[in-house]
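This report refers to the structure that appears directly beneath it.
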Amino acid sequence: QVQLVESGGGLVQAGDSLTLSCAASGRTSSTYTMAWFRQAPGKEREFVAIISESGGITYYADSVKGRFTISRDNAKNMVYLHMNSLKPEDTAVYYCAADSRQRIASSSRYYDYWGQGTQVTVSS
């Protein structure tokens, strides 16, 4: 069993930067593929970024490519989402997710474990 706890959300202005953190508990969490998703009010949950268990593979949604960076520290069981040049359309609840089968997938249905989410609000 893996538990995920996100933190770092908040209210920022357009153009600002913010880093989200995801703390993973569980003995094998460092072997899981990890990803960030987000859900804006009235919209479906969407993929943001993914990182392989080793950190060697990363993949981003087109909407955040070049602005967001996903990283992980397996020794600390932490995953991060560094967000730069934030836009109002980045406003959403951001969720950390884990896939125990180590797939590289952007569909939320492949993820076994989810955090409770952290709110990011970007004002214009």
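Rounding to the nearest 0.5 Å places CG of Asp99 at 8.5 Å from CD1 of Ile104. Atom CD of Gln1 sits about 8.5 Å away from atom OG of Ser25, to the nearest 0.5 Å. The OG atom of Ser108 sits 11.5 Å away from the CZ atom of Phe47 when rounded to the nearest 0.5 Å. Taking OG of Ser123 as the start and CD of Gln13 as the end, the distance is 5.0 Å to the nearest 0.5 Å. In this structure, the separation between OH on Tyr32 and CG on Leu4 is 10.0 Å, given to the nearest 0.5 Å. Rounded to the nearest 0.5 Å, atoms CG (Leu18) and CG (Leu86) are 6.5 Å apart.
Two residues are said to be in side-chain contact when any heavy atoms from C-beta on lie closer than 4.5 Å; Gln119 and Thr121 meet this criterion. Contact annotation: the side chain of Ser21 never approaches that of Lys76 to less than 4.5 Å [non-hydrogen atoms, C-beta and beyond]. Between Ile70 and Tyr60 there is a side-chain heavy-atom pair separated by less than 4.5 Å. Side-chain contact between Val120 and Asp90 is absent, with no heavy-atom pair separated by less than 4.5 Å. Put simply, the side chain of Arg38 does not reach to within 4.5 Å of the side chain of Thr91, judged on heavy atoms.
Using a distance-only test at 3.5 Å, with no hydrogens or angles considered, a donor-acceptor pair links the side chain of Asn74 to the main chain of Glu53. Between the side chain of Arg72 and the backbone N or O of Ser52, at least one donor-acceptor pair lies under 3.5 Å. Put simply, the side chain of Thr33 gets close to the backbone of Arg103: a donor and an acceptor are under 3.5 Å apart.
Residue-environment remark: NZ (Lys43) stays at or below the threshold of 12 foreign heavy atoms within 6.0 Å. The neighbour count for Gln116 CD, taken as heavy atoms of other residues, nucleotides or ligands under 6.0 Å away, is above 12.
Closest of all the heavy-atom pairs between Ala98 and Met34 is CB-SD, 3.5 Å. Summarising the geometry of Ser106 relative to Phe37, their closest heavy-atom pair is O-CE2, 3.4 Å, with the distance given to 0.1 Å. Of all heavy-atom pairs spanning Pro88 and Ser124, the tightest one is CG-CB, 3.8 Å. Ser85 and Arg67 get closest at one heavy-atom pair: O-NH1, 2.9 Å. In plain terms, the two heavy atoms of Gln102 and Thr31 that are nearest each other are NE2-O, 2.6 Å. Minimum heavy-atom separation, Tyr110 to Ala105: CD1-CB, 3.4 Å.
There is a path of hydrophobic side-chain contacts, each under 4.5 Å, that joins Tyr113 to Leu81. Cluster annotation: Tyr111 and Val93 are assigned to the same hydrophobic cluster (Ile/Leu/Val/Met/Phe/Trp/Tyr, side-chain heavy-atom contacts under 4.5 Å, transitive). Note on Val48: it clusters hydrophobically with Val12, by side-chain heavy-atom contacts below 4.5 Å among ILVMFWY residues. Side-chain heavy atoms closer than 4.5 Å link hydrophobic residues (I, L, V, M, F, W, Y) into clusters, and following such links, possibly through other members, connects Ile51 to Val2. Linking ILVMFWY residues whenever their side-chain heavy atoms come closer than 4.5 Å, directly or via other members, places Trp36 and Val122 in the same cluster.
Every side-chain contact (heavy atoms from CB on, under 4.5 Å) that Gln39 has, sequence neighbours left out, goes to Arg45, Tyr95.
Between Tyr94 and Phe68, the angle of the ring planes lies from 30° to 60°, which puts this pair in the tilted group.
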Side chain to side chain contact (heavy atoms under 4.5 Å, CB included) assessment of Leu20 paired with Glu6:
CA-CA 7 Å; Leu20 305 182; Glu6 303 97 333; over 6 Å; no
